[in-house]
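Here's the structure, in structure tokens; my notes come after.
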Amino acid sequence: MTGHRVSTDRSGWRESGRIDGVDDVRRVLDEINAAGLHRENTALARDLVRTADDAALTAPDATRILPVVAELAPLLPWPFGIRRGATVAAVGSTSLVMTLLAAGMTQGAWAAVVGLPAFGALAAGQDFTIPLQRLALVPEPGPDWPTVVSALIDGVDLVVVAAPAQTSDAVTRALMSRARQKGCVLLPTTAWNGCDLAIERLDGRWSGLGQGRGRLRQHTVTLRARGRGRAGRPRTIETLLPPASIAGPPPGLRIPPPPDPVGTPEAPAVDPPEPPAATLHAVPRPVDPWEELVQHPRRPSYQQPVAGLRETPPVSRT
């Protein structure tokens with residue numbers, strides 16, 4: 001390592017360069033501190049720490065990074081997304097959990113949610129575009145939940161964990177270590193000791209309601225992130241949940257204005273169309289059967305001649 005070197009001049013030390021008193025110790029410490037505070041050495045030490053923690057990324061790498069939506073990128077210490085193997089706590093909002101899952105799952109990642117019975121799968125699919133065919137739900141893992149989470153860490157890319165209140169630090173450290181080894185992103189719903197980053201919802205407000213009309217359309221939240229290393233400095237943003245990059249711009253509420261009672265021209269009165277003229281047809285005269293019998297009387301049947309019989313002349317009486 002180049003830069004400022006510690007002085008090796010031992011003329012001021014007692015005897016043959018040995019440290020025999022407090023003055024010798026202070027002199028050596030001052031020289032060491034001067035060398036450590038040198039600008040070149042400080043820059044080199046910073047580069048070494050960054051290389052050991054997160055190597056610089058110049059492009060998204062799916063083998064090392066899981067993407068997130070653009071609205072949450074300012075909260076993260078890693079470029080292009082969440083580093084695989086990291087533990088990122090999402091505190092105070094189920095919508096925040098769904099937002100962290102959305103971008104990675106839409107690009108093929110698998111996820112599991114453990115210990116959240118109220119997790120809305122319908123809202124996750126419709127509002128956050130999460131592919132439900134790659135989402136596993138374990139609402140009631142039971143008392144052996146660490147074993148369940150450990151098995152899921154081995155097989156999926158993201159695991160959401162709602163741990164019981166009295167979970168020991170030994171259990172959480174073991175799960176974080178396993179996630180780091182397997183390259184799985186662990187998303188607890190509470191801030192575990194030693195987690196890489198904790199994103200917390202500070203407050204939120206809904207909008208969309210008017211005076212006696214409208215419905216809830218937008219949820220604006222304030223998020224604060226703080227963690228270890230480069231994430232030690234808190235970062236705060238205000239965004240919509242679900243963000244516009246997932247749900248699109250919020251729809252506008254269009255209400256037609258009320259009609260103006262003054263100066264509105266009245267529509268001209270329109271007479272109803274006249275019905276078409278009725279077509280007259282001649283009505284036939286009713287037939288009277290009695291009239292026909294009077295005009296054309298018929299002979300009784302006993303007076304009609306019978307064929308083949310001769311009439312007998314009347315006998316005269318004297």
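Computed over heavy atoms, backbone and side chain alike; hydrogens, waters and symmetry mates excluded.
Hydrophobic clustering (ILVMFWY, side-chain heavy atoms < 4.5 Å, transitive): Val185 and Leu137 are in one cluster.
Residues Ala111 and Met105 share a closest heavy-atom pair of CB-SD, 3.6 Å. Shortest non-hydrogen contact noted between Ile65 and Arg83 is CD1-CA, 3.6 Å. When all heavy atoms of Met98 and Gly120 are compared, the pair lying nearest together is CE-O, 3.4 Å. The shortest heavy-atom contact between Ser245 and Ala70 is OG-N, 4.5 Å. The minimum heavy-atom distance between Leu132 and Ala124, with the atom names listed, is CD2-CB, 4.5 Å. Across every non-hydrogen atom of Ala109 and Asp157, the tightest pair is CA-OD2, 3.4 Å.
Other residues, nucleotides and ligands contribute more than 12 heavy atoms inside 6.0 Å of the CZ atom of Arg235.
Within the structure, the salt bridge (Lys or Arg N to Asp or Glu O under 4.0 Å) test picks out no pair touching residues 102-122 (sequence neighbours left out). For residues 178-189, the set of pairs meeting the side-chain hydrogen bond (donor to acceptor under 3.5 Å, both in side chains) definition, not counting sequence neighbours, comprises Ser150-Arg178, Asp154-Arg178. Applying the side-chain hydrogen bond (donor to acceptor under 3.5 Å, both in side chains) definition to pairs two or more places apart or across chains, none involves residues 119-131.
Between atom CD1 of residue Ile199 and atom CG of residue Leu72 there is a gap of 6.0 Å, rounded to the nearest 0.5 Å. The structure places CD of Glu71 at 13.0 Å from CD of Glu238, a figure rounded to the nearest 0.5 Å. Rounding to the nearest 0.5 angstrom, the gap separating the CD1 atom in Ile246 from the CG atom in Leu240 is 11.5 Å. Atom-to-atom distance recorded for Leu197:CG and Ile82:CD1 is 8.0 Å, nearest 0.5 angstrom.
Judged as a side-chain hydrogen bond (donor to acceptor under 3.5 Å, both in side chains), and not counting sequence neighbours, Thr220 has no contacts. Looking at residues two or more places apart in sequence or on another chain, you find a side chain to side chain contact (heavy atoms under 4.5 Å, CB included) between Asp169 and Thr172, Arg173, Asn193. Residues that satisfy the salt bridge (Lys or Arg N to Asp or Glu O under 4.0 Å) test with Arg224, not counting sequence neighbours, are Glu200. Every residue two or more places apart in sequence or in another chain was checked for a side-chain hydrogen bond (donor to acceptor under 3.5 Å, both in side chains) with Thr106, and none qualifies. The side chain to side chain contact (heavy atoms under 4.5 Å, CB included) test applied to Pro143 returns no partner, not counting sequence neighbours. Remark: Thr222 engages Asp203 in a side-chain hydrogen bond (donor to acceptor under 3.5 Å, both in side chains) (not counting sequence neighbours). By the side-chain hydrogen bond (donor to acceptor under 3.5 Å, both in side chains) test, Arg228 pairs with Asp196, sequence neighbours left out.
For the pair Leu241/Ser93, a side-chain contact is recorded, criterion being any heavy-atom separation below 4.5 Å from C-beta on.
Hydrophobic cluster membership for Leu122: none, as no Ile, Leu, Val, Met, Phe, Trp or Tyr side chain comes under 4.5 Å of it. Other members of the hydrophobic cluster containing Met176, listed by chain and number, are Trp110, Val114, Val138, Trp145, Val148, Val149, Leu152, Ile153, Val156, Val159, Val161, Val171, Leu175, Leu186, Trp192; membership follows side-chain contacts under 4.5 Å among ILVMFWY residues, whether direct or relayed.
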Candidate pair Leu101 and Leu187, rule side-chain contact (heavy atoms from CB on, under 4.5 Å), full reasoning = CA-CA 9 Å; Leu101 294 176; Leu187 302 174; 3.9 Å; yes

